[in-house]
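All remarks here apply to the structure that follows.
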Amino acid sequence: AVGARELRRRWPANASAMLAASKDQLVAATKQEALGLRQKELEYFVERYSNITTQASIVAGFAFDALVELDITEEMEKKLVKEGNTWIQTSYYCAGSMAMALAMYTVCVSSFATVYGHRLALQGPHGSLERAVHILIDHRVHIFATAGASLCSLVCAAVLMAWIKMGLA
């Protein structure tokens, strides 16, 4: 049996070792929770970028269809010239082209960001998950701005198309 004196001598060493082990365990758990939060953040941005990719591809399709399907007859063109509104036709084609170009740009950039973000997070070196999230955060405003600009351009093209087809009515 170990005497009381020997027990008192051993206790502080055991207690400090236990405290160090508890501290290490707590630090590891905190790091794991932080990684879990970053993973959720990555998934959040990937989902948002996937949604904007889908919407931008629909806008690009509408813009393409509007550019291809609008048939401006000679009668419509003469009416525009007579009213002094020849700028409407040019504006329509510019707005439709901008809508399609910006939407396609949004599709390309957001698709690349989604794929690159996942790839970097999964296959990159230590700390790559955090880097991937920061890259997605940094490009967020740019991607959403181009998507919004493409949608505004599509609306402008639609208004101009209606004006060409119906006049001031």
Side-chain angles (χ1 to χ4, degrees), residues 10-72 88-164:
R10 287 186 191 173
W11 189 77
N14 289 343
S16 62
M18 287 174 55
L19 284 174
S22 293
K23 178 185 170 190
D24 291 343
Q25 188 177 14
L26 184 62
V27 167
T30 303
K31 285 183 181 179
Q32 189 173 8
E33 286 179 26
L35 278 174
L37 286 173
R38 280 294 184 200
Q39 180 66 31
K40 287 180 181 179
E41 201 171 12
L42 177 75
E43 293 301 322
Y44 169 81
F45 283 110
V46 164
E47 184 179 335
R48 295 299 164 267
Y49 284 8
S50 295
N51 289 343
I52 203 78
T53 300
T54 302
Q55 293 169 8
S57 65
I58 291 169
V59 169
F62 282 149
F64 178 78
D65 196 44
L67 289 170
V68 170
E69 293 298 324
L70 178 64
D71 187 26
I72 300 175
I88 295 174
Q89 185 176 355
T90 305
S91 298
Y92 165 74
Y93 285 118
C94 287
S97 298
M98 285 287 286
M100 190 171 72
L102 289 169
M104 289 305 298
Y105 178 81
T106 302
V107 167
C108 292
V109 172
S110 59
S111 296
F112 178 78
T114 301
V115 171
Y116 180 73
H118 264 289
R119 184 171 178 258
L120 178 62
L122 293 174
Q123 297 175 345
H126 180 71
S128 60
L129 175 61
E130 190 155 331
R131 184 169 173 231
V133 170
H134 282 294
I135 288 171
L136 293 177
I137 288 171
D138 290 344
H139 288 84
R140 176 189 67 217
V141 173
H142 176 246
I143 290 173
F144 281 87
T146 56
S150 71
L151 193 57
C152 288
S153 295
L154 182 67
V155 170
C156 288
V159 168
L160 292 166
M161 178 194 294
W163 196 349
I164 289 170

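What you find for A157 and G96 is that their closest heavy atoms are CB-N, 3.7 Å. The nearest pair of heavy atoms linking M100 to A60 is CG-O, 4.0 Å. The two residues Q89 and I164 have their closest heavy-atom pair at CA-CD1, 4.0 Å. Between G117 and A132, the closest heavy-atom pair is O-CB, 3.5 Å.
With sequence neighbours excluded, no residue forms a ring-ring contact (aromatic ring centres under 6.0 Å, His included) with F62. For I135, the side-chain contact (heavy atoms from CB on, under 4.5 Å) partners at least two apart in sequence or on another chain are Y116, L120, R131, H139. For Y93, there are no ring-ring contact (aromatic ring centres under 6.0 Å, His included) partners at least two apart in sequence or on another chain. Listed by chain and number, the residues in a side-chain contact (heavy atoms from CB on, under 4.5 Å) with E41 are R38, F45, V133, I137 (sequence neighbours excluded).
Atoms CG and NE2, from L129 and H134 in turn, are 9.5 Å apart once rounded to the nearest 0.5 Å. Remark: I58 CD1 to S150 OG distance equals 11.5 Å, nearest 0.5 Å. In this structure, CD1 on I143 lies 8.5 Å from CD1 on I52, to the nearest 0.5 angstrom. Annotation: the span from M161 atom CE to Y92 atom OH amounts to 3.5 Å, rounded to 0.5 Å. Expressed to the nearest 0.5 Å, how far OG1 of T114 lies from CD of E47 amounts to 11.0 Å.
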_Assess the residue pair F144 and Y49 against the criterion (side chain to side chain contact (heavy atoms under 4.5 Å, CB included)); give the C-alpha distance rounded to whole Å, side-chain angles, the decisive distance to 0.1 Å, and a yes or no._
CA-CA 9 Å; F144 281 87; Y49 284 8; 4.0 Å; yes

For T106 and T53: C-alpha separation, side-chain torsions, deciding distance, then whether side chain to side chain contact (heavy atoms under 4.5 Å, CB included) applies. CA-CA 7 Å; T106 302; T53 300; over 6 Å; no

I would like to know whether Y44 and R48 meet side chain to side chain contact (heavy atoms under 4.5 Å, CB included); could you show each step before the answer?
CA-CA 6 Å; Y44 169 81; R48 295 299 164 267; 3.4 Å; yes

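Among residue pairs with one or both ends in residues 60-71, none qualify as salt bridge (charged side-chain N to carboxylate O under 4.0 Å, His left out); sequence neighbours excluded. Within the structure, the salt bridge (charged side-chain N to carboxylate O under 4.0 Å, His left out) test picks out no pair touching residues 106-129 (sequence neighbours left out).
Using cut-offs of 30° and 60° on the angle between ring planes, the pair H142 and Y105 is perpendicular.
You'll find the side chain of V109 stays beyond 4.5 Å of the side chain of T146, heavy atoms only. Contact annotation: the side chain of C156 never approaches that of S153 to less than 4.5 Å [non-hydrogen atoms, C-beta and beyond].
The backbone N or O of T54 lies less than 3.5 Å from a partner atom in the side chain of S57, making a donor-acceptor pair. In this structure a side-chain-to-backbone donor-acceptor pair under 3.5 Å is missing from S97 to C94.
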